[in-house]
There are 2 protein chains.
Amino acid sequence: MVTIKEVAKISGLSVGTVSNVINGLETVSETNKKKVQEVIDRLGFKPSRIASSLSSKKTGNMGIIVPDVSSPFYSEMIKGISETLEINGLNIFLSGSNDNLDKETSLIKNMMYSWVDGLIIVPVYERENEPGILNELKIPVVLVNREIRGVKRDLVVFNNFKGAYNATAYLIKNNHKKIIILSGPKHSRSFEDRVIGFKEAMEEKGLYDGSLVFSCKYSEKSGYGAMHKALGKLQNIDAVFASSDLIALGAIAAIRERGLEIPGDISIVGFGDIYLSKYLNPPLTTIKRPFYNTGKTAVSLLLERISQQRKFSDFKSEPARIIMQDLLEVRKSVKVKSV
Amino acid sequence: MVTIKEVAKISGLSVGTVSNVINGLETVSETNKKKVQEVIDRLGFKPSRIASSLSSKKTGNMGIIVPDVSSPFYSEMIKGISETLEINGLNIFLSGSNDNLDKETSLIKNMMYSWVDGLIIVPVYERENEPGILNELKIPVVLVNREIRGVKRDLVVFNNFKGAYNATAYLIKNNHKKIIILSGPKHSRSFEDRVIGFKEAMEEKGLYDGSLVFSCKYSEKSGYGAMHKALGKLQNIDAVFASSDLIALGAIAAIRERGLEIPGDISIVGFGDIYLSKYLNPPLTTIKRPFYNTGKTAVSLLLERISQQRKFSDFKSEPARIIMQDLLEVRKSVKVKSV
DNA sequence: ATAATAAAATGAAACGGTTCATTGAACCGA
DNA sequence: TCGGTTCAATGAACCGTTTCATTTTATTAT
């Protein structure tokens, strides 16, 4: 491995000068710049990131922590993050927290000791309102998708309320009356917001009723169970608003098992527009969330914060709060009834 | 940030001794081990990975390069990799090559300068038979999923031949005669193998004919186009073997557009068992590939190779070649005809 | 009690860069 | 010609570890 010393020796200049050339400092004469650059090219020298990290205290590594690395949502986001970081010559450290707070904490700590310059985290939601470590970290952190009470950090979230409201309103507009919501886990701000959006749209038309809310976990299995439960309890359900496409998947299976048709007997709207939704039969009408762009946005926020921190080492501007707009993606899983 | 020096000073011992305690060396007396450990615990000290990397030349970072970070296949594999590495306290550097050779090369170089200890790569296939950089890298490398001619590296692949053979044989067994294959991209060893598996199964029953092979790219869009083309050219297609679930997705859409039913009119078998396949209607019969376990396996191979290299610095055993077994996952997209 | 040996602890060099106070050369005006 | 100023280049200190030759301490045999 070629080192800066060899470059210095061969080009007959000092290590300091070579370093200045590498970093584009303007204090080097044109002659020497060229001379050094030639040697660098000839030897194929690239400065070691490790050494440079140690002395400059900037690693160029960003840590990413998501609950599940393989989730269709997050992997889309990771792609956005990864491509954006790459443009800036930065590396990404990826880890999955498995939605487990202890693991998240240990991952964060581990990353701190790997000296990441910044962190993008989709935080575990069950944390008993303890901002804890998230507020204490001394490096820039951007939170994505889930807002944690009491945590003062840059944030990129979706407008879950509006998305749910729109989805529900769309069902109502198409003349559905008895609409249930498969609400997703409690303790999760984003899922709560979806319930509220649902509730608000329903109440506006006097359709709301607490018994229409069925909570379940964020998975197809849980959606499957909840849908069966709903079908058992309630008669004549017109439509289902599943607050996640994953939940919708399970619900669809359950509905079919009862011999009901979609959208003939029951309409369904999902939330999230995962990769597969448009390939389902019928293609799932759902709320689309721009995860790729969310990843990109999170990175810009992070880089912005990092450069700010470097310029004014003690300056802390208010945390940003960026809201990505959800969009109703109309496909075929809702029966369009004319009034 | 607490450093090893402070730990040394406070515990009244030398830096070297503290380092030995950290690394579990047996040359430290029990008394001092305890003393140091206490100070470490009290101060919450953790050695900096950066510093330790620089001096030991082991970073504990592994590079992962896949064509597409968000692909359902690879994100599953990444999960397997990530969870296995984590157990060993190792970090993962993730990047997407976008199936572009130049990008792959530059990613690899970049990782080299970040001093990763090892690399797991799903290589770009279009490389004009140039092993190139892959053979030259001085660190352990494990290739996954795609075999590149002339590259002598540890490898984890699927038995694409057998999978395709089984899928085709299954169709034949169920009394399908006119079976086409949507073959996926050329230049790709894994897709070629699938064609060969298809061909062999067909030939055994005298059913093969070159006109049954339709090549397309690895995407639903391309599968959609190829299926339409096939439907235009050929009459009475009994069944389709799509050499990827993604291709199957497109094919299904095309088949439906022609007013045909699955599996009533045409049966279809996919390849890959992506996340969504079991949720399709009808659920897609497909070849399942254990991507999660493939990730795990790649990691063990890599770690094995790394420790080998550390023990005998010049020792090079033959590259391993692990074949993960594909499995036919029977669902509902094939019409089961009794003969 | 002493020499020989084993075990434990030390501390400086090394890893490969960055940074910055210092030096040296070049230039300018008087 | 000399003092002052500017611009380049230097090289040593530093970042936080590991490593290993050397020194110190403890143990054992005589």
Q: Please work out if A:S48 contacts a base, only the sugar-phosphate, or nothing of the nucleic acid, heavy-atom cut-off 4.0 Å.
A: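 Contact class for A:S48: sugar-phosphate only.
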
Q: Counting only distance, no hydrogens or angles, is the base of C:dT10 paired donor-acceptor with the side chain of B:S14 under 3.5 Å?
A: no

Q: Any side-chain heavy atom of A:E83 within less than 4.5 Å of one from A:V299?
A: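 In short, these two side chains do not touch, never coming nearer than 4.5 Å.
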
Q: Does A:K57 put a side-chain nitrogen or oxygen below 4.0 Å from OP1 or OP2 of D:dC14?
A: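 So the side chain of A:K57 is outside the cut-off, no N or O lying under 4.0 Å from OP1 or OP2 of D:dC14.
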
Q: Scan B:Y113 against the nucleic acid and name what it touches under 4.0 Å (heavy atoms): base, sugar-phosphate only, or nothing.
A: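 Nothing: the residue B:Y113, judged by heavy atoms under 4.0 Å, touches no strand.
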
Q: Within the structure shown, what part of the strands sits under 4.0 Å from A:L13 by heavy-atom distance: base, sugar-phosphate, or nothing?
A: sugar-phosphate

Q: According to a 3.5 Å limit on both distances, what stems of 3 or more consecutive Watson-Crick or G-U pairs are formed with DNA chain D?
A: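 Runs of three or more consecutive pairs: C:1-30 with D:1-30.
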
Q: Evaluate the side-chain proximity of B:Y74 to B:V69: yes if any heavy-atom separation is below 4.5 Å, no if none is.
A: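 No; the side chains remain at least 4.5 Å from each other.
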
Q: I'd like to know if the side chain of A:D117 and the backbone of A:G60 have a donor-acceptor N/O pair within less than 3.5 Å.
A: yes

Q: Under 4.0 Å, counting only non-hydrogen atoms across every strand here, what does A:V28 touch: a base, just sugar-phosphate, or nothing?
A: sugar-phosphate

Q: Could you tell me whether a side-chain N or O of A:R49 sits under 3.5 Å from a main-chain N or O of B:Y113, the two making a donor and an acceptor?
A: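 Answer holds: no.
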
Q: Give one of base, sugar-phosphate or nothing for A:T17, where a contact means two heavy atoms less than 4.0 Å apart.
A: base

Q: Just call it for A:S52: base, sugar-phosphate, or nothing, with non-hydrogen atoms closer than 4.0 Å on any strand.
A: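 A:S52: backbone/sugar contact only, no base atoms under 4.0 Å.
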
Q: When rounded to the nearest 0.5 angstrom, what distance separates CD1 in A:I40 from CD1 in A:I4?
A: 7.5 Å

Q: How many whole angstroms separate atom CE of A:M1 from atom P of C:dG17?
A: 9 Å

Q: Across the strands shown, which category fits B:V18 at heavy-atom distances under 4.0 angstrom: base, sugar-phosphate, nothing?
A: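 The residue B:V18 makes no contact with any strand.
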
